[in-house]
*Asks:* 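Can you keep this structure in mind? I'll have questions shortly.
Just so it is clear: chains get the letters A, B, ... in the order the sequence lines come, proteins before strands, and each one is counted from 1.
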Amino acid sequence: MTTITVTVNGKPYTRDVEPRTLLVHFLRENLNLTGTHIGCDTSQCGACVVHLNGVSVKSCTTLAVQCDGAEVTTIEGLADGAILHPLQEGFWEKHGLQCGYCTPGMIMAAADLLKNNPNPSDDEIRHGLEGNLCRCTGYENIVRAVRYAAEKMNTVNAD
Amino acid sequence: MIPSAFEYFAPASVAEAISLLEQYGDEAKILAGGHSLLPAMKLRLASPGVLIDINKIAELRGVVINGSINIGAMTTWHTIEHHDGLKSACGVLPEVVAQIGDIQVRNRGTLGGALAHADPAADAPAAILALDAQIRTHGPGGERTIAAGDFFTDMLTTSLEPNELITAIIVNKLGAGEGAAYAKFPHPASRYAIVGVAAYVKMNGDKVSACRVAVTGAGPMPTRQGDTEQAMLNSDGSAEAIAKAAEEAGANMDVLGDIHASEDYRRAMVKVYARRALTTAVARARR
Amino acid sequence: MTAETELKPRYIGQSMKRREDPQLITGKGNYIDDIKLAGMLHVALVRSPYAHATIKSIDASKALAHPGVVAVFTGDDMMDINPLPCAWAAGRVKNNVNTPRALAVGTVRHVGEAVAMVLADDRYIARDAADMVDVEYDPLPVVVDAKEATAPGAPQLHENAPNNIVMEWDAGDKAATDAAFASAEVTISEPIINQRLIPTPMETRGSITRYDEATGEFTVWMTSQAPHVMRLLLTAFVFGIPETKLRCISPNVGGGFGQKIFCYNDMAFTMWASRKLARPVKFVEDRAENYKASTHGRDHITDAEICGTKDGMISGLRVKTYANLGGYLSTIAPGIPTTLYGRIISGVYKIPSAYCHVTGVYTNTAMVDAYRGAGRPEASYLIERMIDRFATEIGMDPAEVRRKNFIQPEDFPYQNGLGMLPYDSGNYEPALNKALEMAGYADFRKAQAEARANGTYLGIGISSYVEVCGVAPSAWIGLAGEGWGAGLFESANVRVHLTGKVAVTTGSLPHGQGLETTFAQVVADELGVPYDDVQIQWGDTQGTPFGYGTYGSRSLTVGGTAIKKSVDKIKEKAKKLAAHMLEANEADIVFENGTAYVKGSPDKVKTIGEIALQASVAYSLPEGMEPFLDETSYYDPPNCTFPFGTHISIVEVDPDTGMVDLKRYIAVDDCGNQINPLVVEGQIHGGIVQGIAQALYERAVYNEDGQLLSGTLMDYAIPTAEMSPHIETDHTVTPSPVNPLGVKGAGEAGTIASAQCVMNAVIDALSPFGVKHMQMPASPERVWKAVHSK
């Protein structure tokens, strides 16, 4: 066991973990943050995407011990209190989710995408989500949702 | 999908990492970006008893561009992909790197890790061969430099000694008259290369004065294409010359087949992608 | 204000945002793996590495000695429970039914079959210990191909199934069809393979059981599309205990696509172990397990023949299909390639004679059962490919051949001669025309010819489809008819509480389809109450009326109608009570928009809230009236519904590499009335991409040893956003006469329409190379070979 301290969604947590504990299991099992999902074994699906020190990573392919001292943001930490993040709002408005299983990872990946490219074209949105699989939506409404969020964030920033 | 238990070390220096390697020998594996090793451990295709995580070694990160380009082994794909200096000094590297895995993989994965792992379908090794890069390593006996051409020795096998660590990759800047390109046929699921061809061309006036072509994905290891390079040399770099040279690609290498692409098809694609990579490389060299 | 404006639906037909979403977009969903119970044990399975083998011995001593391991069980420990049932005896399957046990006993018949279960306090420990169980196998010969499995000398999987044959089934008029072929001007035959697919819901499957020693009752949380059916199967068939001893709960389910309809071994072994150990037991698959051991879809090998006249009239269709059903029969496996395939192979066309013969086959592969569309995509692919083949052969525009052979509006209800129920309603040509117009079909051939002259190969593909949805009529599908071992009605209870809030419980349940929203829209309009006052509850056998579950695009057509019927009953009772409250004749009471008033005296009015309050407090009720507004309905429709439409795609093929670029995708669908167009469009989008994936990317591959080579998401390509096209949608509306909502179902349409749409386009693009047919997926290698083998 190794003792680690990880700041998750702004709150520091100190826990003893086995070195082999995957970040996704640390979040889900140790911290009960079950919004981050597991959809594959091989880092393809992106259901587990979180932000580690501000960049999107696959938490199924990161060890919890590697996050000692780091800041992690999960889907549970994205909204500003009761105010949804524009991406959450966009996914709701544009029917960007059906079963919802891929959605947390998809939104976290999209947040990273918009940070790097605040005004992406549809093709850039599709490319920016290359690490996330959705089996329900056919992606059409996910693209619309991300575009909605981008427009909204740009409007807010312009104000 | 859960890895087997292991002991974990996160050394802060190269020297410390090497002494851990010496101490644990075959039991130990180096953890770089982890995007090949951790999935293999989760599938229990690899079960190292000791993991030496070199992510905390600051000296292994970063890109320095002086006379040549020095890329720390632990520099992430993301850094390389978005590095403005690299884009102008050796644009093909960011171009290759942007086609690796996906954004999250590129946020974690590293150049040194990929080279040490030597996946036969990885993208970067082809570029490293075509750019004739130097791979700097550190081991118990100190530092040495391995030419890219001597580095890959077989499937998943390199000339790294057991207790040796890649510390940096040194690449020449591309100057006037030089051009390089990468053309990739990606696997639809894994995004590795079914065939990837990296090409470097130097034009001296209207003549090709240097050419290196390397293929990844098609065979057991990334492989230089001597016949294609020879055919390009002293040619005018025209479409006809490129087409002729590309026909030689893949001729003298082992090519593998699987459920995604048969050997015959891969051989054909090696030629197609060699042509595409050379066409772009020549166009860039002429620019 | 007029009655007309008054009655205009306020919610039905509106693209309302889904009420399901707020929890799901904030990470507050509750999926199976999110559930933790005190004292819960975790299961890791030991699975067979062999496709066919005898189990010689199992030694669990090392695993049992591992700290944290509580128990290890094998199939032999569980002989007190029965094998899982097969519930659809289609095709006269009788004495050769072989279904899996909770854990294998004696023999394994596919790679990944579960052989032993390890229970530990922690999932990491369980996983470690599973590696410590030593199993000795004696490998047996293997067969994975359905046609080869029926050949003399092929390895035999089950003693009671000679030549590995599950069933021989046929539909249609063989003699008439043979005669049509004998006298036809044009006959074409083509081998058509519908490759095996892996459904791949993003959430894998799992179950958690808590056994209550005090009451002898089980609670099972399961990733299920049909919890009521699971309760029935697990109690009455597997455990032989009263149905009342089991409560099944489907929490949020992360996609199903058919794979989560069925009764699986983990439901049984978590129940068995929880009872044995008196602790909650959890099992959740990882992706590799889902790929090896949960059900797959499709896998047909077919010889298809079509005949007709040189001027484009189809006169006959003859089909022989080998359907691979895997190593055992999954819950409804025999019904998929029979009732849901063979009975609709003539599609949207009036074909005078058709005949379909299906051989269901055991092989050493994972079980095959319903996957989105289930039989209908296979049928639709077959007929739409053959129509194109026919058009090419006689040199006629494929759109024209379709038009000439369409079933006409006046032909409905239409009997297709294959034993399908009559098609309810349809008007195929307007959908075709709309799609052709959107695609710019008239100008396409010119653009195509110009492009070809420049070495660019464009192709256009048309797919006009019909599907059977709202799968029900118990009298038709049941044992006496199609062999389904139960009924297929749906249920709903509607209660109006004394505060006027409406609680609805349903037997059907959503796992992405937005039913909570759609159902609430129906209730709010039908009852005339605010949408937000309606709560839809589902997924728990305790507290919802019995229903057969969500699949076959049936939840709105059958389940939604059950809701409407309950609301109608509520309204009837409310009218009676209103008459009493208003001291009027019931015959004079009008109920609309949530109020009851006396005809001609709109000021004499009671709102549904006032009526509900009176019904609940029950101070003054009419003689003999029971308190409370609480009504339940079971709806068994008289027929299925038959949605239809036309999809068109345009592709460009790179002749150097064989890569296909799907440039445009156009979908015109008719699912009858739309309750929530936003949700309908979402269903269509998702379905289309699954069909495109079959056409271009997906293929489950076993090698001759029965090893699954496409066993991870690194090998099995499901499309990313970049691999999926922008989809252009439109629709026509032909209400179904079958149900009072006029709805037809939309969950599977996209998948049923799209694979052949893309394949027809690819093959059209390759026509200069003499290509007339190609098997799916149109992988770059296949396309390249087609180009270069000329």
Side-chain angles (χ1 to χ4, degrees), chain A residues 18 20-21 25 28-29 32-47 74-79 84-85 87-89 91-105 107 122-123 125-143, chain C residues 15 17-18 20-31 33-34 36 122-124 199-204 252-257 284 286-288 510-514 678-679 681-690 692 712-714 718-727 729 750:
Chain A
E18 266 194 281
R20 63 169 164 162
T21 306
H25 285 144
R28 292 179 50 80
E29 307 294 332
N32 272 320
L33 292 167
T34 54
T36 303
H37 297 151
I38 302 171
C40 73
D41 318 320
T42 48
S43 321
Q44 255 72 40
C45 83
T74 71
I75 187 71
E76 289 95 338
L78 198 61
L84 293 176
H85 185 279
L87 274 162
Q88 292 170 314
E89 196 183 307
F91 272 69
W92 192 10
E93 286 288 337
K94 297 297 175 187
H95 190 26
L97 66 150
Q98 291 180 25
C99 82
Y101 197 78
C102 75
T103 310
I107 288 178
D122 285 3
D123 284 348
I125 293 171
R126 288 179 185 272
H127 181 68
L129 299 174
E130 62 182 336
N132 295 73
L133 296 175
C134 168
R135 193 61 158 167
C136 291
T137 63
Y139 303 101
E140 183 74 24
N141 287 345
I142 290 179
V143 174
Chain C
S15 284
K17 288 195 294 183
R18 298 197 322 168
E20 287 91 334
D21 291 354
Q23 60 158 343
L24 302 177
I25 53 180
T26 52
K28 306 277 169 37
N30 186 40
Y31 299 89
D33 204 17
D34 302 342
K36 292 169 194 164
D122 169 287
R123 68 171 66 189
Y124 280 46
T200 320
M202 289 320 299
E203 178 201 37
T204 58
N252 287 133
V253 173
F257 314 116
V284 179
D286 59 38
R287 180 59 61 188
H511 39 278
Q513 300 88 339
L678 185 70
V679 166
E681 196 191 22
Q683 291 295 305
I684 298 290
H685 288 157
I688 286 170
V689 170
Q690 283 184 18
I692 290 171
T712 71
L713 278 167
M714 289 188 81
I718 80 167
T720 61
E722 271 188 305
M723 291 154 74
S724 308
H726 164 58
I727 298 168
T729 56

*Asks:* Report which part of C/D34 has an atom under 4.5 Å of a heavy atom belonging to chain A: side chain, backbone, both, or neither.
*Replies:*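 For C/D34, heavy atoms of backbone and side chain both lie under 4.5 Å from chain A.
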
*Asks:* When only pairs under 4.5 Å are counted, which of A/N141, A/L129, A/T36, A/I38 shares the most heavy-atom pairs with chain C?
*Replies:*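 Answer, by heavy-atom pair count under 4.5 Å with chain C: A/N141.
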
*Asks:* So which part of A/H37 gets closer than 4.5 Å to some heavy atom of chain C, the side chain, the backbone, both or neither?
*Replies:*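 For A/H37, the contact with chain C is made by the side chain alone.
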
*Asks:* Counting only N and O atoms by type, is there a donor-acceptor contact under 3.5 Å from the side chain of A/Q88 to the main-chain atoms of C/I25?
*Replies:*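 Indeed, once roles are kept as given, a pair shorter than 3.5 Å links the two residues.
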
*Asks:* Under a 4.5 Å heavy-atom cutoff, which of C/Q683, C/M723, C/Q23, C/K28 has the most pairs with chain A?
*Replies:*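 Of the candidates given, the most pairs with chain A belong to C/Q683.
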
*Asks:* Is there a donor-acceptor pair under 3.5 Å between the side chain of A/R135 and the backbone N or O of C/P199?
*Replies:*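 Checking the backbone N and O of C/P199 against the side chain of A/R135, a donor-acceptor pair under 3.5 Å is found.
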
*Asks:* Within the 4.5 Å heavy-atom criterion, are C/D286 and A/D41 side-chain neighbours or not?
*Replies:*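 Touching, per the 4.5 Å side-chain cut-off.
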
*Asks:* So for C/T712, is it side chain, backbone, both, or neither that comes closer than 4.5 Å to the heavy atoms of chain A?
*Replies:*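 Contact with chain A is through the side chain of C/T712 alone.
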
*Asks:* Flag the one option from A/E76, A/E130, A/H25 with the top tally of heavy-atom pairs under 4.5 Å to chain C.
*Replies:*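 So the answer, after comparing A/E76, A/E130, A/H25, is A/H25.
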
*Asks:* Is the shortest heavy-atom distance from the side chain of C/R287 to the side chain of A/Q44 under 4.5 Å?
*Replies:*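 No, every pair of side-chain atoms sits at 4.5 Å or beyond.
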
*Asks:* Chain A heavy atoms under 4.5 Å from C/P510: which part of the residue, side chain, backbone, both or neither?
*Replies:*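 Neither part; nothing is under 4.5 Å.
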
*Asks:* Considering only heavy atoms, which portion of A/T137 lies under 4.5 Å from any heavy atom of chain C: side chain, backbone, both, or neither?
*Replies:*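 The backbone, not the side chain.
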
*Asks:* List for me each residue that meets salt bridge (Lys or Arg N to Asp or Glu O under 4.0 Å) alongside C/D21, sequence neighbours excluded, and say none if there are none.
*Replies:*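 Scan of C/D21 (salt bridge (Lys or Arg N to Asp or Glu O under 4.0 Å), adjacent residues dropped) gives C/R18.
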
*Asks:* For C/V679, is it the side chain, the backbone, both, or neither that has a heavy atom closer than 4.5 Å to a heavy atom of chain A?
*Replies:*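 When you check distances to chain A, atoms from both the backbone and side chain of C/V679 fall under 4.5 Å.
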
*Asks:* Against chain A, label C/H511 side chain, backbone, both or neither, depending on which of its atoms sit under 4.5 Å from a heavy atom there.
*Replies:*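 Just its backbone gets close to chain A.
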
*Asks:* Report which part of A/L133 has an atom under 4.5 Å of a heavy atom belonging to chain C: side chain, backbone, both, or neither.
*Replies:*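 Interface part for A/L133: both.
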
*Asks:* Against chain C, label A/L33 side chain, backbone, both or neither, depending on which of its atoms sit under 4.5 Å from a heavy atom there.
*Replies:*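 Neither part; nothing is under 4.5 Å.
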
*Asks:* Looking at every non-hydrogen atom in both residues, tell me the closest pair between A/Y139 and C/S724 and how far apart they are.
*Replies:*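 Looking at all heavy atoms of both residues, the closest pair is CD1-OG, 3.3 Å.
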
*Asks:* Evaluate the side chain to side chain contact (heavy atoms under 4.5 Å, CB included) criterion for residues C/T26 and A/I75: first the C-alpha distance (whole Å), next the side-chain angles of each, then the deciding distance (0.1 Å), finally the verdict.
*Replies:* CA-CA 6 Å; C/T26 52; A/I75 187 71; 5.7 Å; no

*Asks:* Report the distance from atom CD1 of A/I142 to atom NE2 of C/H685, rounding to the nearest 0.5 Å.
*Replies:*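 It is 11.5 Å, given to the nearest 0.5 Å.
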
*Asks:* Start with the C-alpha distance between A/D122 and C/H726, add both sets of side-chain angles, then the distance that settles side chain to side chain contact (heavy atoms under 4.5 Å, CB included), and finish with yes or no.
*Replies:* CA-CA 9 Å; A/D122 285 3; C/H726 164 58; 6.0 Å; no

*Asks:* Which residues pass the salt bridge (Lys or Arg N to Asp or Glu O under 4.0 Å) test with A/E140, sequence neighbours left out?
*Replies:*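 A/E140 satisfies salt bridge (Lys or Arg N to Asp or Glu O under 4.0 Å) with A/R126, A/R144 once adjacent residues are dropped.
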
*Asks:* What part of A/E18 gets closer than 4.5 Å to chain C, counting heavy atoms only: side chain, backbone, both or neither?
*Replies:*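 The side chain, not the backbone.
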
*Asks:* Specify the closest pair of heavy atoms between C/Y31 and A/Y101, including all atoms of both residues, with the distance to one decimal.
*Replies:*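 That closest heavy-atom pairing would be OH-N, 3.4 Å.
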
*Asks:* Select one option (side chain, backbone, both, neither) describing which atoms of C/L678 are under 4.5 Å from chain A's heavy atoms.
*Replies:*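 C/L678 touches chain A through backbone and side-chain heavy atoms alike.
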
*Asks:* Answer with side chain, backbone, both or neither: which region of A/T21 has an atom nearer than 4.5 Å to a non-hydrogen atom of chain C?
*Replies:*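 Both parts, backbone and side chain.
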
*Asks:* For the atom pair CG (A/N32) and NZ (C/K36), what is the distance rounded to the nearest 0.5 Å?
*Replies:*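 That separation rounds to 3.5 Å.
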
*Asks:* Between A/Q98 and chain C, which part of the residue has a heavy atom less than 4.5 Å away: side chain, backbone, both or neither?
*Replies:*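 It is both, since atoms from each part get that close.
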
*Asks:* Quick check for you: among A/N132, A/T42, A/T103, which has the greatest number of heavy-atom pairs under 4.5 Å with chain C?
*Replies:*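 Most pairs with chain C among the choices: A/T42.
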
*Asks:* Let me know if C/E20 has heavy atoms under 4.5 Å from chain A in its side chain, its backbone, both or neither.
*Replies:*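 Neither part.
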
*Asks:* Is C/Y124 close to chain A through its backbone or its side chain, or both, or neither, when contacts mean heavy atoms under 4.5 Å?
*Replies:*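 For C/Y124, the contact with chain A is made by backbone and side chain together.
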
*Asks:* Using non-hydrogen atoms and a 4.5 Å limit, figure out which bit of C/D33 sits close to chain A: side chain, backbone, both or neither.
*Replies:*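 Its backbone and side chain both get close to chain A.
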
*Asks:* Once rounded to the nearest 0.5 Å, what's the spacing between atom NZ of A/K94 and atom OG of C/S15?
*Replies:*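 The NZ atom of A/K94 sits 10.0 Å away from the OG atom of C/S15.
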
*Asks:* What closest approach, in Å, do A/C99 and C/G255 show between heavy atoms, and which atom pair accounts for it?
*Replies:*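 What the structure gives for the nearest pair is CB-N, 3.2 Å.
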
